[in-house]
Amino acid sequence: MSQISLTFPDGNSRDYDAGVTPAEVAASISNSLAKKAISATVSGNHWDMQWPINEDASISLHTMKDDAQALELIRHDFAHVMARAVQEIWPDVKVTIGPVIDNGWYYDFDREEPFTPEDLGQIEAKMKEIINKREPVTTEIWDRDRAVKFYEANNEPYKVELIEAIPGDEPLRMYWHGHWQDLCRGPHLQHTGQLPADAFKLMSVAGAYWRGDSDRAMLQRIYGVGFQNKEQLKKHLHMLEEAAKRDHRKLGREMDLFHMQEEAPGQIFWHPNGWTVYTELQDYMRRQQKRGGYVEVNTPQVVDRKLWEASGHWEKYQEHMFIVEVDEEHAREKSVNALKPMNCPCHVQIYNQGLKSYRDLPLRMAEFGSCNRYEPSGALHGIMRVRGFTQDDGHIFCREDQIESETAEFISFLSKIYKDLGFESFSVKFSDRPEMRAGSDEVWDKAETALLAATRAAGIEPELNPGEGAFYGPKLEFVLTDAIGRDWQCGTHQVDFVLPERLDANYIGEDGAKHRPVMLHRATLGSFERFIGILIESHAGKLPFWLAPRQVVVASIVSDADDYVQQVVDALTAKGIRAEADIRNEKINYKVREHSVGKVPVILACGMKEVEDGTVSMRRLGEKHSKVLPLDEVAAALAGEATPPDLA
RNA sequence: GCUGCUGUAGCUCAGAGGUAGAGCACUCCCUUGGUAAGGGAGAGGUCGAGAGUUCAAUUCUCUCCAGCAGCACCA
């Protein structure tokens, strides 16, 4: 038998017979390592303890102390054990797939009856039973025919379909967890007893389409979370509880920012506090846009379907538009209109007024564009996904050779703004051509190449998001995450060769001939609604002082200080600070508590001592102690903090 | 839109086949209190909407509406 050489992390190497498994390698080192080992990395690949190694390689053996490998294996094995538990309890349930995700795993099942929360408890108990049996995990390679026949015999149509979708004729790997088996790429743990029976929890059941296709069967998905030990599980569950406190829907109520109600689903009633945040942010954006060389415009809300047909939106998005029909009773002719679902076609209309010269390009046109989209009911989510919203929209009409510089400029424009708003880092995704699209492949090639090159030139290597582009062009998405880690697209930058063509936009070039401009669609915040939702969650309601709707509450400790409180409020207001008096007949403790819950950043308490000395007792949100300071000093300092970052 | 769950006072929630309760918030009174809830009294609800079963429905059934989680969608 031929020999191979395995190199260990410490640089030493040893010879083994070809076909040696990591389990045998571990055993050759020590008994305890053989027991503790969970998997190996062999020449960079995560390797099952049972898989043979046939050539020279580097090898490192993993134990539960190696977080990345341990968590992957634990969660993956939990998924299998859960599926086995489900089939042991309900043998008629059909299995599908069960991947590892952040913090845990899920597994999709086909079962007539829905799983209930009580079922989850039963499944957990069965899982613990399986884990405690410490049964070996074993693997075998099968050919396709055998696997297909096996699953057909076991009445597992989803597995048959999965196998048939695997290209080529490669042999398939099967895994056994005790007597239960599943088609699986692996790797897995050595035996079920390596799973921490006290470090997992089944979280929820939800529907999910088979293969992510809404035309196919709706399966039942069970989500679980799993960790190396009980403490980490506890920590995770605690983190979820804390995250729930940052939910913008909850804080929106506590801070009296906005509300929503049945009569206007997916639309927001902004209260004075929330509207203060909104307008403060809008003022900031307006200043940024001016500096960025944009001209601001405004366009109609109700627009005849003819324009949407011309732009191509009618065909693709008709179902998702609010339709406004005007009948003969109201007008001489019947017309069908749509509430503007986006601003681009309207901006082209402005562009198309008068002849444009190449000297006019790039033309950067911005609008705080109010849009309405009839979003599917299930998509609505607080103020993050709504049916009525305002984009900080903009379209840059430019020449092809300006795409790169305009993209670079936008990325730096956006980065500066995100930084000002407290987001030092964000992820960038590049989405290319979707299946249903307008424009020829040549045009798409051109647009994708240009956008990607420009992004890389700006020093960003985006994550690829295949097939997720807009119907008229590829896009960059600037993604932020909410309190519990859900991703939300905020900023976007899209290259579009299609709309200018459809809506016949052009300019006169240096050569005196007509040319087609390129349109760059871009939004920085995305929509004020979503961005404010993210802002609230990421700051846990403690907005930066300049954005805080109520910046200072001046509270009297005794009623003899009421007049002084009013003087303090006046002094702060004169400096542009949003200050209000609280001279209610309540104890200072009560006032402090109430305004802390309301996330007011600064409370200035005034008793007779402060009245006599011309001072205030300042307490900042979250701090335990207060400081007595001269009023002038406090007013000057707070005025500085109240200045937006771009004006400071 | 799909699967599942939920809908009772402004908020958080309890409740039962015989037309409802708590805490906080609100109003009034007492209290002038030094940094996260002082005390008392009062007011407040077509129990999401509609239909059905029943002597009787807020409670059971169905339909619709809205919300929550996930999926699908996201110009």
Side-chain angles (χ1 to χ4, degrees), chain A residues 106 108 113-117 203-223 247 249-250 253-254 256 259-266 308 311-317 319-321 340-345 371 373-382 384-386 391 393 434 436 438 468-473 475 477 484 486 488-489 492 494 496 499 521 526-527 530 555-562 585-598 603-610 617-628:
Chain A
Y106 66 76
D108 288 346
E113 292 279 293
F115 290 110
T116 65
M203 303 297 282
S204 60
V205 191
Y209 296 109
W210 170 233
R211 316 217 88 191
D213 183 343
S214 58
D215 292 330
R216 307 203 57 179
M218 173 69 67
L219 305 169
Q220 294 190 61
R221 175 171 298 179
I222 301 179
Y223 285 92
D247 191 310
R249 293 163 295 191
K250 182 176 157 71
R253 203 168 36 240
E254 289 171 358
D256 195 15
H259 85 273
M260 303 175 87
Q261 64 187 49
E262 255 188 61
E263 289 80 357
W308 309 114
S311 70
H313 291 93
W314 187 264
E315 190 192 353
K316 189 162 194 295
Y317 290 112
E319 299 289 296
H320 301 288
M321 292 190 196
K340 163 171 86 172
M342 25 87 76
N343 311 296
C344 3
C371 297
R373 296 179 184 173
Y374 189 76
E375 299 285 12
S377 56
L380 302 179
H381 182 93
M384 306 272 222
R385 183 85 182 268
V386 286
Q391 298 175 318
D393 204 1
M436 197 175 155
E468 297 292 315
F471 76 90
Y472 49 70
K475 66 176 180 181
E477 296 176 34
I484 65 165
R486 285 178 288 222
W488 295 93
Q489 179 199 304
T492 182
Q494 309 167 9
D496 180 5
L499 259 194
H521 304 241
S527 79
R530 176 174 296 178
S556 57
I557 295 170
V558 293
S559 51
D560 284 346
D562 288 358
N585 177 13
E586 295 291 352
K587 290 196 170 163
I588 191 65
N589 301 37
Y590 182 91
K591 294 181 184 181
V592 165
R593 180 188 145 78
E594 187 178 282
H595 299 125
S596 297
V597 168
I603 297 172
L604 302 180
C606 302
M608 289 322 286
K609 220 162 26 166
E610 286 75 15
S617 168
M618 177 160 82
R619 181 195 160 106
R620 288 187 184 265
L621 182 58
E623 284 181 5
K624 288 266 184 303
H625 301 289
S626 53
K627 254 188 222 150
V628 178

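No experiment lies behind these values; they were computed from the predicted model shown. What's counted below: heavy atoms across the whole structure, side chains too, no hydrogens, waters or symmetry copies. In what follows, chains carry the letters A, B, and so on, assigned in the order in which the sequence lines appear, proteins first and then strands, with residues in each chain numbered from 1.
- Regarding A:I603, its CD1 atom lies at a distance of 14 Å from the C1' atom of B:A37, rounded to whole Å.
- Among the protein residues, A:Y317 comes within range of the nucleic acid bases, having at least one heavy atom under 4.0 Å from a base atom.
- Within the nucleic acid shown, A:R211 has no heavy atom closer than 4.0 Å to any nucleic acid atom.
- In this entry B:A9 has no Watson-Crick or G-U wobble partner, no candidate having both defining distances under 3.5 Å.
- Which of B:C71, B:A36, B:A75 sits closest to the side chain of A:R593 comes down to B:A36.
- Residue contacts shown for A:H320 include a base, since a base heavy atom lies under 4.0 Å away.
- With a 3.5 Å ceiling on both atom-pair distances, the Watson-Crick or G-U wobble partner of B:G42 is B:C26.
- Here A:K609 lies in heavy-atom contact (under 4.0 Å) with a base.
- Within the nucleic acid shown, A:G212 comes within 4.0 Å of sugar-phosphate atoms alone, with no base atom in reach, counting heavy atoms only.
- A distance of about 26 Å separates the C1' atoms of B:G67 and B:G52, rounded to the whole Å.
- Among the protein residues, A:K250 comes within range of no part of the nucleic acid, since none of its heavy atoms lies under 4.0 Å from any strand.
- Remark: A:K340 is not in phosphate contact with B:A75, judged by side-chain N or O atoms under 4.0 Å from OP1 or OP2.
- The heavy-atom pair separating A:A208 from A:M218 by the smallest distance is N-SD, 3.1 Å.
- By the 30° and 60° cut-offs, the orientation of the rings of A:F471 relative to A:H313 is perpendicular.
- Listed here is the closest heavy atom pair of A:V386 and A:E375: O-CG, 3.5 Å.
- No donor-acceptor contact under 3.5 Å links the side chain of A:E375 to the base of B:G1.
- Base pairing of B:A75: no nucleotide in any strand meets the Watson-Crick or G-U wobble criterion (both distances under 3.5 Å).
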- Task: Mind running side chain to side chain contact (heavy atoms under 4.5 Å, CB included) on A:Q489 and A:R530 for me, showing each step along the way?
- Result: CA-CA 9 Å; A:Q489 179 199 304; A:R530 176 174 296 178; 4.1 Å; yes

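- Distance CG/A:L499 to NE2/A:H521: 5.0 Å, rounded to 0.5 Å.
- Judged by Watson-Crick or G-U wobble contacts below 3.5 Å, the nucleotide B:U63 has B:A49 as its partner.
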Distances for protein N or O near nucleotides 59-66 of chain B N or O, under 3.5 Å:
{"unit_1": "B:C65", "atom_1": "O2'", "unit_2": "A:E262", "atom_2": "OE1", "d": "3.3"}

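- Considering every non-hydrogen atom in both A:P434 and A:G469, the closest pair reads CG-O, 3.4 Å.
- Across the C1' atoms, B:A37 and B:C11 are found 16 Å apart, a figure rounded to whole Å.
- A donor and an acceptor atom sit less than 3.5 Å apart, one in the side chain of A:R385 and one in the base of B:C74.
- Here the shortest heavy-atom pairing between A:E610 and A:A605 reads CG-O, 3.9 Å.
- Residue pairs meeting the salt bridge (Lys or Arg N to Asp or Glu O under 4.0 Å) criterion with at least one partner in residues 207-220 of chain A, sequence neighbours excluded, are A:E161-A:R216.
- Within the nucleic acid shown, A:P114 comes within 4.0 Å of sugar-phosphate atoms alone, with no base atom in reach, counting heavy atoms only.
- For B:G1, its base sits under 3.5 Å from the side chain of A:Y209 at one donor and acceptor pair at least.
- Taking the side chain of A:M321 as heavy atoms from C-beta on, and the options B:A36, B:A75, B:U32, the nearest nucleotide is B:A75.
- Comparing B:U32, B:A36, B:A75 against the side chain of A:H313 picks out B:A75 as the nearest.
- Across all strands, A:Y106 comes closer than 4.0 Å to no nucleic acid atom at all (heavy-atom distances).
- Using Watson-Crick or G-U wobble geometry with both donor-acceptor distances under 3.5 Å, B:G70 finds its partner in B:C2.
- When heavy atoms are screened at a 4.0 angstrom cut-off, A:R486 is found touching the sugar-phosphate backbone but no base atom.
- The C1' atoms of B:G10 and B:C26 are separated by 8 Å, rounded to the nearest whole Å.
- Atom CZ in A:F115 sits about 15 Å away from atom C1' in B:G70, given to the nearest Å.
- Nearest heavy atoms, A:V592 versus A:S596: O-OG, 2.7 Å.
- Nearest heavy atom pair, residue A:A561 against residue A:C606, reads CB-O, 3.5 Å.
- Between A:E586 atom CD and B:C30 atom P the separation is 14 Å, expressed in whole Å.
- Nearest nucleotide to the side chain of A:S214, out of B:G38, B:A72, B:U32: B:A72.
- Counting heavy atoms of neighbouring residues, nucleotides and ligands inside a 6.0 Å radius, atom CD of A:E315 does not exceed 12 of them.
- Among the protein residues, A:G526 comes within range of no part of the nucleic acid, since none of its heavy atoms lies under 4.0 Å from any strand.
- Relative to the side chain of A:M218, the nucleotides B:C2, B:C11, B:A36 differ in distance, and B:C2 lies closest.
- Using C1' as the reference atom, B:A16 and B:C47 are 12 Å apart when rounded to the nearest Å.
- Within the structure, every side-chain polar atom (N or O) of A:H381 is placed at least 4.0 Å from both OP1 and OP2 of B:C74.
- The CE-C1' distance, from A:M342 to B:C74, rounds to 12 Å in whole Å.
- Heavy atoms of A:M384 sit nowhere under 4.0 angstrom from any nucleic acid atom.
- Distance check on atom P: B:C60 versus B:A72 gives 34 Å, rounded to whole Å.
- For the C1' atoms, the distance from B:G45 to B:U8 is 8 Å, rounded to whole Å.
- Separating the P atom of B:G40 from that of B:G23 is a span of 10 Å, rounded to the nearest Å.
- Residue A:Y223 is classed as a sugar-phosphate contact, given heavy-atom separations below 4.0 Å to backbone atoms only.
- Taking only side-chain nitrogens and oxygens, A:R249 comes nearer than 4.0 Å to OP1 or OP2 of B:C68.
- For A:N589, whose side chain is taken as the heavy atoms from C-beta onward, the closest listed nucleotide among B:A37, B:A75, B:G70 is B:A37.
- The nearest whole Å value for the distance from the CD atom in A:Q391 to the P atom in B:A75 is 10 Å.
- In this structure, CG of A:D213 is placed 15 Å from P of B:U3, rounded to the nearest angstrom.
- With both ends at atom C1', the span from B:A20 to B:A14 equals 11 Å, rounded to whole Å.
- In this structure, A:E610 reaches the bases: a heavy-atom distance under 4.0 Å links it to at least one base atom across the strands shown.
- In this structure, CG of A:D215 is placed 10 Å from P of B:C73, rounded to the nearest angstrom.
- Checking B:U58 for Watson-Crick or G-U wobble geometry (two distances, each under 3.5 Å) identifies no partner in any strand.
- At a threshold of 4.0 angstrom between heavy atoms, the contacts of A:A470 are confined to the sugar-phosphate backbone, with no base atom among them.
- Counting distance only, with no hydrogens placed and no angle test, the side-chain atoms of A:R619 and the base atoms of B:A36 include a donor-acceptor pair under 3.5 Å.
- Within the 4.0 Å cut-off from OP1 or OP2 of B:C2, not a single side-chain nitrogen or oxygen of A:R221 is found.
- Here A:E623 does not pair with A:R619 in a salt bridge; the nearest charged N to carboxylate O distance is not below 4.0 Å.
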